[in-house]
Amino acid sequence: MSALIVEVEKYVFSLLSEKLHSNYLYHNLAHTQRVVEKTKEISESIEIAKIDAENIEIAAWFHDTGFTKGVENHEEKSVEIAVEFLKTHNISEDRLQAISSLILATKMNYVPKNVLEEILRDADAAHLASKDFFNFNALLRKEWEFVLNETYKNKEWIALNLSFFTEKHRYYTDFALKNWSKAKEKNLSKILKNQKKLKKDNRKFKQKEEALNLKKNKSIAPERGVETMFRVALRNHITLSDIADTKANILLSVNAIIVSLALSSLLPKLDNPSNSHLFVPTIIFIVFTVISIVLSILATRPNVTEGKFTKEDVANKKVNLLFFGNFHQMKLEDFEWGITEMMQDRDYLYGSLTKDLYFLGLVLNRKYKILRITYTVFMTGIILSVFAFAFSFYFQEVVV
């Protein structure tokens with residue numbers, strides 16, 4: 001992976017994590033990561049120039065970043081964001097034009113003009129052949145409801161999907177045609193079956209709808225789209241937490257090595273009067289390094305809670321049973337009773353999931369704030385130390 005790709009990935013990851021509205025349940029970071037993965041998969045099956053493969057991967061990362069500025073003309077906005085970022089990395093005008101054209105090729109109903117555009121369009125529509133297609137489809141339906149204020153009945157949604165499958169979409173690359181066509185046809189077949197059920201027995205369908213609505217009101221089971229939304233959101237939070245812990249561990253290891261080397265190599269030399277000019281720079285160096293170590297530890301240090309709850313807490317919905325810190329000291333039968341009570345109450349269940357997501361967000365906010373301070377301290381310490389050592393050596397030569 002090139003250095004440019006690494007920088008692009010970091011930038012887009014940060015942009016979509018911080019700037020993209022939560023209403024985008026489908027066109028989010030997870031979707032972008034899937035498109036990048038599929039783009040690389042197709043590119044590796046075709047003999048294309050290395051720079052073309054890099055261009056198309058960059059386009060895949062940026063192709064939906066425009067949603068951070070709104071849904072209207074988001075492809076053009078994605079191009080603006082990509083060009084603004086890439087110009088800071090001295091990318092040539094020819095490459096900027098090539099990447100911009102690739103991003104614009106993801107527009108609805110666009111017909112690709114070359115193999116690179118075909119690769120990106122196929123990667124962007126890989127979900128049509130996915131085993132999780134109906135989960136993705138449910139997220140897209142909810143997203144349109146939230147973002148575009150477009151609500152579809154089941155019959156209308158099925159008709160819309162059939163039209164897209166049969167009239168508006170096709171795979172272009174040999175790789176996609178060979179590996180994804182059958183899976184896409186299976187999903188199309190399932191959509192057709194759903195349509196036949198609607199036409200065959202509309203009355204029975206309405207009864208099922210009423211039954212589902214009744215179950216929803218009684219909180220027997222969460223609706224699939226909402227369940228997927230929580231799953232994706234929680235997974236993204238956990239991924240961000242893992243990244244924060246990894247960064248903290250890297251800083252901790254680097255600073256620990258620096259302190260070890262300073263203690264073993266630098267400090268013993270300070271006993272010599274001829275090295276007295278190194279005392280202040282060394283102290284600055286070690287102090288900032290130790291502060292970075294302490295902050296890295298604080299960023300990853302876990303908090304331990306009491307781990308007990310009462311039946312009154314469950315009755316009043318005051319305890320979140322989905323977090324281990326609230327039940328790790330409870331007996332199994334008490335915990336099973338609490339979980340059963342929660343599953344029978346839709347508001348309690350969704351409320352617990354919401355609280356879990358919220359408090360994960362608070363933990364992430366704390367971690368990343370401390371990490372930002374740690375990186376600033378580490379950077380400041382390195383810069384000050386270098387200047388201090390340089391000044392000391394210069395002053396020593398002047399004195400001599």
Side-chain angles (χ1 to χ4, degrees), residues 20-28 30-31 34-35 64 67 71-72 74 106-109 121 124-171 180-236 343-351 353-354 357:
L20 188 66
H21 197 282
S22 58
N23 283 345
Y24 291 95
L25 303 178
Y26 176 76
H27 291 102
N28 51 24
H31 166 72
R34 289 194 300 271
V35 173
D64 275 344
F67 280 115
V71 70
E72 251 183 72
H74 67 272
T106 61
K107 281 188 171 184
M108 185 68 72
N109 301 325
R121 283 196 67 83
D124 199 21
H127 68 287
L128 301 180
S130 170
K131 292 180 180 179
D132 295 323
F133 165 74
F134 289 93
N135 285 335
F136 295 143
N137 197 239
L139 289 175
L140 182 61
R141 186 176 179 180
K142 283 288 182 183
E143 178 178 299
W144 284 9
E145 182 180 333
F146 293 153
V147 177
L148 303 176
N149 199 27
E150 294 182 1
T151 304
Y152 294 91
K153 295 180 180 178
N154 288 337
K155 183 178 180 180
E156 295 169 339
W157 185 248
I158 289 173
L160 190 66
N161 279 276
L162 281 176
S163 174
F164 184 79
F165 264 75
T166 57
E167 300 172 9
K168 298 181 180 180
H169 177 266
R170 56 160 292 196
Y171 286 127
W180 298 346
S181 292
K182 288 185 178 179
K184 178 188 171 184
E185 290 172 3
K186 285 183 179 178
N187 287 331
L188 174 59
S189 177
K190 291 178 182 178
I191 295 173
L192 287 168
K193 286 180 180 179
N194 290 337
Q195 187 185 52
K196 287 179 180 179
K197 286 181 180 179
L198 286 172
K199 290 181 178 180
K200 184 178 179 180
D201 195 351
N202 191 46
R203 184 177 178 181
K204 185 176 180 181
F205 177 80
K206 287 182 178 180
Q207 290 174 347
K208 288 183 179 180
E209 281 282 297
E210 291 172 0
L212 286 173
N213 288 331
L214 183 61
K215 286 183 178 181
K216 184 177 181 181
N217 292 334
K218 291 184 176 180
S219 306
I220 294 177
E223 195 266 339
R224 177 180 289 180
V226 177
E227 184 183 49
T228 305
M229 178 192 70
F230 275 114
R231 183 169 62 249
V232 171
L234 288 168
R235 183 171 65 239
N236 287 341
M343 289 189 297
Q344 291 176 356
D345 188 331
R346 179 182 183 278
D347 293 336
Y348 191 12
L349 177 59
Y350 277 13
L353 287 170
T354 303
L357 190 61

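Nothing here was measured: the structure is a model prediction, and the numbers come from that model.
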Table please: side-chain donor-acceptor pairs of residues 156-163 below 3.5 Å, with sequence neighbours left out.
from	atom 1	to	atom 2	distance (Å)
E156	OE1	K153	N	3.0
W157	NE1	N137	OD1	2.6
N161	OD1	N137	ND2	2.9
N161	ND2	W157	O	2.8

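- Here the CZ atom belonging to F146 is positioned 10.5 Å from the NE2 atom belonging to H21, to the nearest 0.5 angstrom.
- Contact detail for N109 and R121: the closest heavy-atom pair is N-NH2, 4.0 Å.
- Side-chain contact, H127 with D132: no donor N or O sits under 3.5 Å from an acceptor N or O.
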* To do: Could you check K184 against H169 for side chain to side chain contact (heavy atoms under 4.5 Å, CB included), going step by step and ending with a plain yes or no?
  => CA-CA 11 Å; K184 178 188 171 184; H169 177 266; 2.9 Å; yes

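- Between V35 and D124, the closest heavy-atom pair is CG2-OD1, 3.6 Å.
- By the 6.0 Å and 45° rule, K190 does not stack over the aromatic ring of F134.
- Within the model, atoms OG1 of T151 and NZ of K142 stand 8.5 Å from one another, a figure rounded to the nearest 0.5 Å.
- For the pair N187 (side chain) and S130 (backbone), a donor-acceptor distance under 3.5 Å is present.
- Note on ring orientation: taking the six-membered ring where Trp is involved, the planes of F67 and Y24 are tilted (angle from 30° to 60°).
- The minimum heavy-atom distance between E143 and Y26, with the atom names listed, is OE1-N, 2.7 Å.
- Scored by the salt bridge (charged side-chain N to carboxylate O under 4.0 Å, His left out) test, K107 finds E76 as partners (sequence neighbours excluded).
- Between F133 and F165, the ring planes lie perpendicular to each other; the angle is over 60°, past the 30° to 60° tilted range.
- Side chain of H31 to backbone of N28: no donor-acceptor contact under 3.5 angstrom is found.
- The two atoms that bring A129 and A183 nearest to each other are O-CB, 3.1 Å, heavy atoms only.
- Between atom CG of residue N194 and atom CG of residue N154 there is a gap of 9.0 Å, rounded to the nearest 0.5 Å.
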